[in-house]
Amino acid sequence: MYARTATLRGNPGALDEATRFVREEWLPTTTGMDGCTGMSMLAGPNSGRCIVTTGWETEAALKASEQAMRPNRAQLGKLLGAVPLVAQWEIAVMHRAQQAGDHACCRVTWSALRDPAAVDEDIATFRMTLLPRIEELPGFSSVSLMVDRLTGRAVAAVNYVDRNAMIAAGQRADQLQGEYSRSMGGRITEVAELDLVIARLRIPETV
């Protein structure tokens, strides 16, 4: 399974309009494409940051969709007053304890891994060492790990049932974040806490 993310940092006041555009226009035109497994959108109401993720069954489907995605990305950028930063990922881990509800929130952790050649070992470490402990976090809903084998980058997203649950899990999540960095031999480059405003990704379990 594969994914493409478009990340924008724009006007916080335009996020509601941007979310409506993604839900009412971008989502319907994309989910009908060959190999598409849905879409999600994360948003930071104070920062103006949003991340739109589309899922794809194969790398070929991901690449074939690139041109069709450009007009929607451009329109989203126009609404937010921002330039989309696009990245492509392999979905290495996806595990759900429950479906995301209306108030779901997400802690996203970006990392630079120790060695692009050791990505499979890092993924195995995440599955065996960290995943069982992430599942124990209060209010845990789902977790995903995406990797870019060429650059040695990874992004882990832990979803919670709501913001209160994410806050309550904060200290334990911080500890796991440090263990994540140490066990995978890399360094954390950024962490963000965002609202899950659209949850229509249909990625199967990959644990």
Side-chain angles (χ1 to χ4, degrees), residues 1-11 14-44 48-106 108-110 119-120 123 141-151 153-159 192 194-207:
M1 303 296 296
Y2 294 83
R4 178 186 294 111
T5 55
T7 302
L8 303 92
R9 296 175 185 264
N11 176 14
L15 273 178
D16 287 344
E17 184 180 1
T19 302
R20 282 195 296 271
F21 165 74
V22 174
R23 181 182 291 113
E24 297 174 7
E25 298 187 42
W26 192 351
L27 175 64
T29 61
T30 301
T31 51
M33 296 179 64
D34 289 343
C36 181
T37 59
M39 174 183 285
S40 71
M41 180 176 176
L42 298 170
R49 182 178 194 171
C50 75
I51 304 172
V52 176
T53 302
T54 51
W56 303 91
E57 293 176 353
T58 64
E59 189 173 12
L62 171 75
K63 292 180 177 179
S65 68
E66 169 56 29
Q67 188 170 354
M69 296 293 99
R70 290 176 182 171
N72 286 315
R73 283 202 304 263
Q75 178 61 22
L76 183 61
K78 183 177 180 180
L79 289 171
L80 289 170
V83 177
L85 177 63
V86 181
Q88 297 181 0
W89 308 89
E90 175 187 337
I91 302 172
V93 175
M94 170 60 76
H95 174 59
R96 292 184 185 88
Q98 57 183 304
Q99 295 294 326
D102 293 339
H103 305 290
C105 289
C106 183
V108 188
T109 303
W110 290 266
V119 169
D120 286 332
I123 293 170
S141 175
S142 66
V143 60
S144 65
L145 176 69
M146 303 192 300
V147 299
D148 181 342
R149 293 177 181 271
L150 292 178
T151 63
R153 293 181 301 147
V155 55
V158 180
N159 289 329
L194 303 165
D195 295 334
L196 180 58
V197 295
I198 298 175
R200 296 286 296 276
L201 273 176
R202 304 183 304 276
I203 305 297
E205 292 272 323
T206 56
V207 294

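- Using a distance-only test at 3.5 Å, with no hydrogens or angles considered, a donor-acceptor pair links the side chain of Arg4 to the main chain of Leu62.
- One distance of note links SG of Cys106 with CG of Leu194; it measures 7.0 Å at 0.5 Å rounding.
- For the side chain to side chain contact (heavy atoms under 4.5 Å, CB included) with Val147, the qualifying choice from Val119, Asp120, Val155 is Val119, the only one to do so.
- Between the CD atom in Glu24 and the OG1 atom in Thr29 there is a gap of 12.5 Å [rounded to 0.5 Å].
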Do any side-chain atoms of residues 48-56 form donor-acceptor pairs under 3.5 angstrom with protein atoms, and if so which ones, sequence neighbours left out?
| residue | atom | partner | partner atom | Å |
| --- | --- | --- | --- | --- |
| Arg49 | NH1 | Glu190 | OE2 | 2.6 |
| Arg49 | NH2 | Glu190 | OE1 | 3.4 |
| Arg49 | NH2 | Glu190 | OE2 | 3.4 |
| Thr54 | OG1 | Trp56 | NE1 | 3.0 |

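- Residues Leu79 and Ala18 approach most closely at CD1-CA, 4.1 Å, considering heavy atoms.
- For Leu15 against Gly44, the heavy-atom pair with the smallest separation is CD1-O, 3.1 Å.
- Across Thr31 and Cys36, no two heavy atoms sit closer than the pair CA-SG, 3.8 Å.
- For the pair Trp26 and Asn72, the tightest heavy-atom approach, listed with the atom from each and the gap, is CD1-ND2, 3.3 Å.
- Put simply, the side chain of Asp195 reaches to within 4.5 Å of the side chain of Cys105, judged on heavy atoms.
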*Take Thr5 and Met146, measure what side chain to side chain contact (heavy atoms under 4.5 Å, CB included) needs, and give me the verdict at the end.*
CA-CA 11 Å; Thr5 55; Met146 303 192 300; 4.0 Å; yes
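- Rounding to the nearest 0.5 angstrom, the gap separating the CD1 atom in Ile203 from the OG atom in Ser40 is 9.0 Å.
- Atom OG of Ser65 sits about 13.5 Å away from atom OH of Tyr2, to the nearest 0.5 Å.
- Among all heavy-atom pairs drawn from Thr37 and Met1, the shortest one is CG2-CE, 3.5 Å.
- With hydrogens and angles disregarded, a donor-acceptor distance shorter than 3.5 Å links the side chain of Arg23 to the backbone of Val197.
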*Give the C-alpha distance, both sets of side-chain angles, the deciding distance and a yes or no for side chain to side chain contact (heavy atoms under 4.5 Å, CB included) between Asn11 and Leu80.*
CA-CA 5 Å; Asn11 176 14; Leu80 289 170; 5.5 Å; no
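- For the residue pair Pro84 and Ala82, the shortest heavy atom distance occurs at CD-O, 3.7 Å.
- Using a 4.0 Å cut-off between charged side-chain N and carboxylate O, Glu66 and Arg73 make a salt bridge.
- The CD1 atom of Ile91 sits 11.0 Å away from the CD atom of Glu57 when rounded to the nearest 0.5 Å.
- The 12-atom threshold is exceeded at CZ of Arg149, counting heavy atoms of other residues, nucleotides or ligands nearer than 6.0 Å.
- Within the 3.5 Å criterion, the main-chain N or O of Leu27 finds no donor-acceptor partner in the side chain of Thr30.
- Of the inter-residue distances, the one linking Met69 atom CE with Leu76 atom CG reads 12.5 Å to the nearest 0.5 angstrom.
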